[in-house]
Structure formats: structure tokens, C-alpha cells
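Here the structure is a predicted model, which means the values were calculated and not measured. Side chains included, hydrogens not; waters and symmetry mates left out as well; all remaining heavy atoms used. Remember, it's 1-based here, ligands and their atoms both numbered in the order they're listed.
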Amino acid sequence: MKADIVTIFPDFFRGPLDYGITRRASEMGLAKIEVHDLRQFTHDRHRTVDDRPFGGGEGMVLKPEPIFDCLEALKLAPREQRLAGGAKESVILLSAQGERFTQKIAAELAVLDRIVLICGRYEGVDERVADFLADRELSIGDYVLSGGELAAAVVIEAVTRLLPGAVGNEASTRQESFTEHAVRESAAAEDDGPDSTCGSGGLLDYPHYTRPAEFRGMAVPEVLINGNHQEIRRWRRERALKKTLRNRADLLADAELNEEDKKILARIRDGGK
Ligand code: SAH
């Protein structure tokens with residue numbers, strides 16, 4: 001996958017994308033990330049990228065011309081073709097007013113050949129970019145950042161780790177928090193062990209522990225040590241349900257719940273253990 005970032009602060013990306021899986025994916029050639037400096041697409045002596053808002057009001061607004069020019073230089077498929085799904089490319093404007101970025105959207109983006117991420121700054125970006133240039137607006141959460149750069153890095157990291165081959169153990173990205181479909185079908189496979197059988201199915205992940213089994217008087221749950229895969233699986237599912245109910249009850253509405261899950265939930269809600 002190719003990812004193009006359009007920004008007035010290209011140096012911003014020197015840190016965030018140079019570690020872990022994103023770095024490895026770049027080195028392996030799975031992801032090619034290119035940062036484009038918006039100022040290179042200005043035509044005045046001061047390399048102006050912003051201007052005052054029409055209609056008055058606070059702050060400055062990113063001008064449309066450099067952004068349109070930059071995108072033209074990227075030689076993408078025409079917008080109509082992209083919107084009709086006829087191109088495996090997507091132009092994304094990072095915006096607090098965008099659709100909320102989720103794991104589902106990350107998975108949609110991960111199958112594309114190319115994503116272009118436009119980072120806003122100041123009061124935002126001239127609306128013609130959202131109306132006529134970008135295919136979609138994405139927000140990484142209900143809060144306001146000072147720029148789209150961190151948001152673009154978030155999108156790239158979430159997408160990159162879903163690229164086939166980017167994460168050493170691919171099963172691990174299929175059973176994490178928010179992952180839509182549970183991978184519990186493999187529950188029957190005895191030698192599979194319990195760890196690939198607790199897929200989130202839209203829930204939050206189950207808790208993880210590692211050595212030492214006892215640390216400053218805090219012990220790892222006994223069930224994880226006794227090696228009974230069936231019990232471990234049940235315990236993990238129960239803890240995932242518990243945590244989802246406590247921290248993100250909204251996710252339960254769309255989660256894939258089987259009869260056993262529903263029973264566990266009813267028990268937790270009744271105050272049972
Ligand atoms: N006036 C805007 C905020 C502008 S913040 C408003 O009230 O909605 C400046 C830039 O930061 C935006 O153009 C956008 O690119 C980025 N940004 C801010 N919050 C964001 C968020 N939650 N998700 C993605 N990008 C965000």
C-alpha cells in the first residue's frame with residue numbers, strides 16, 4: 001500500500017512512523033509512506049498556505065489551491081471513479097467534523113492500493129477540499145486537535161498493522177478489540193490452544209498477563225496457569241464481556257454474542273461474579 005500524507009509540517013512524521021510495525025512494514029516494502037510538504041505547492045514568495053476566513057471570525061484557514069495542486073501532482077484516479085469504487089484509492093481529509101475512524105474503516109482502507117491523507121491546521125481547511133477533492137472526512141475521536149498530523153499517523157498505524165505480513169502473527173490482529181468477527185470457529189481445534197479462540201467479535205480484548213505469576217503480592221488469575229484450554233477460553237470471554245460492559249457498553253449492541261455470552265452478561269448484570 002502507498003500512503004501519501006499532505007501537510008504543512010512534514011518533519012512531524014520523523015518520529016511516529018519510524019517505530020515498530022509501521023517501520024517494519026516500510027522496510028519490508030508492504031507500506032510506502034510519502035510525506036508531501038504543502039508549501040512546495042505554493043506559488044508566492046512567502047509560500048502562503050493559509051488565509052483569513054471569509055465572513056470574519058477567528059484564526060486562519062488552509063487555502064484550497066496548494067492542496068488541489070498537490071493532489072493533482074499525485075496523479076490519482078478521478079474522484080468520480082474513486083467514489084464509485086472503481087479505484088483502489090481513497091483521499092481522506094482529517095477533520096474533527098469527520099466520520100469517526102474505527103477498526104472497521106481501518107480494515108476497509110487496508111485493502112486499498114493507496115490512501116492520501118490531508119492534514120488540516122489552524123481553524124481548518126477551506127471546505128471546497130471536503131466538497132470537491134476528498135472522498136471522505138475522518139475524525140479520530142470526539143476532541144479537537146491542533147492539526148491533522150497526529151490523526152494521520154493514527155490512521156496509518158491502524159491500517160498498516162492490518163496489511164498481510166506486517167504483524168508477525170497474523171491471527172493476533174484478527175482477535176483484538178473491536179475486530180468485527182469472532183474467530184471462535186477454531187475453538188474445536190484442540191491443539192490450537194486457547195489463544196486463537198477468543199476473537200473479540202466486536203468486544204474489547206480480554207486481559208493479558210505475563211511472568212512473573214506473582215508480582216508484589218499481585219497474582220495472575222489461577223485459571224491461566226492451570227492449562228485447561230476450555231476454561232481459559234471461557235474465562236477470557238467472560239472478562240472481555242465484563243470489561244466491555246464496564247467501559248464500552250455501547251459496543252454490546254453490535255457485538256456477535258452467542259447464547260453463552262448472553263448468559264454470562266445476564267449474570268454480570270445481576271451482580272453475580
Ligand atoms: N475548527 C475545527 C477544528 C480545527 S483543528 C472544528 O471546530 O471542527 C485543525 C485541524 O486539526 C483540522 O483541520 C483537522 O485536520 C485536525 N483535527 C482536529 N481534530 C481532529 C480530530 N478529532 N480528528 C482528525 N483530525 C482532527
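With respect to Arg237 and Asp261, a salt bridge is recorded, a charged nitrogen being found less than 4.0 Å from a carboxylate O. Asp135 and Arg82 are joined by a salt bridge, as a carboxylate oxygen and a charged side-chain nitrogen come within less than 4.0 angstrom of each other. Under a 4.0 Å N-O distance rule, the pair Lys263/Glu260 does not qualify as a salt bridge. A salt bridge links Lys2 with Asp4: the distance from a Lys NZ or Arg NE/NH1/NH2 to an Asp or Glu carboxylate oxygen falls below 4.0 Å.
Between Leu17 and Ile156, the closest side-chain pair of non-hydrogen atoms falls below 4.5 Å. Side-chain contact between His36 and Leu74 is present, with at least one heavy-atom pair separated by less than 4.5 Å. Contact annotation: the side chain of Glu214 never approaches that of Val220 to less than 4.5 Å [non-hydrogen atoms, C-beta and beyond]. A 4.5 Å side-chain heavy-atom check between Arg52 and Val61 finds every atom pair outside the cut-off.
At the shortest separation from atom 7 (O) of ligand 1 among protein heavy atoms lies Gln97 NE2, 4.4 Å. Atom 15 (O) of ligand 1 has its closest protein heavy atom at Leu94 O, 2.6 Å. The nearest heavy-atom contact from the protein to atom 25 (N) of ligand 1 is Ser95 N, 3.4 Å. Looking only at heavy atoms of the protein, atom 22 (N) of ligand 1 is closest to Tyr143 O, 2.9 Å. Distance from atom 3 (C) of ligand 1 to its nearest protein heavy atom, with residue and atom name: Val144 CG1, 3.8 Å. Ranking protein heavy atoms by distance to atom 23 (N) of ligand 1, first place goes to Ile140 N, 3.0 Å.
Using a 4.0 Å cutoff on heavy atoms, Tyr122 counts as a contact of ligand 1.
Each of the atoms 21 (C), 22 (N), 23 (N), 24 (C) of ligand 1 lies under 4.0 Å from some heavy atom of Ser139. Every atom of ligand 1 with a heavy atom of Gly124 under 4.0 Å away is listed here by number and element: 13 (O). Within ligand 1, counting atoms from 1 as listed, the ones closer than 4.0 Å to a heavy atom of Gly148 are 11 (O), 15 (O), 16 (C).
Counting heavy atoms only, Gly147 comes closest to atom 17 (N) of ligand 1 of the residues Gly59, Ala151, Gly147, Gly120. When the options Ser146, Ala96, Gly98 are ranked by their closest heavy atom to atom 20 (C) of ligand 1, first place goes to Ala96.
Close N/O approach between Leu145 and ligand 1 is found [any backbone or side-chain N/O within under 3.5 Å]. Residue-to-ligand polar distances place Glu123 within reach of ligand 1: an N/O pair is separated by less than 3.5 Å. Between Leu138 and ligand 1, no pair of N/O atoms sits closer than 3.5 Å.
Val116 and Phe13 fall within a single hydrophobic cluster, where Ile, Leu, Val, Met, Phe, Trp and Tyr side chains are chained together by heavy-atom contacts under 4.5 Å.
Expressed to the nearest 0.5 Å, how far CD of Gln103 lies from CD of Glu176 amounts to 7.0 Å.
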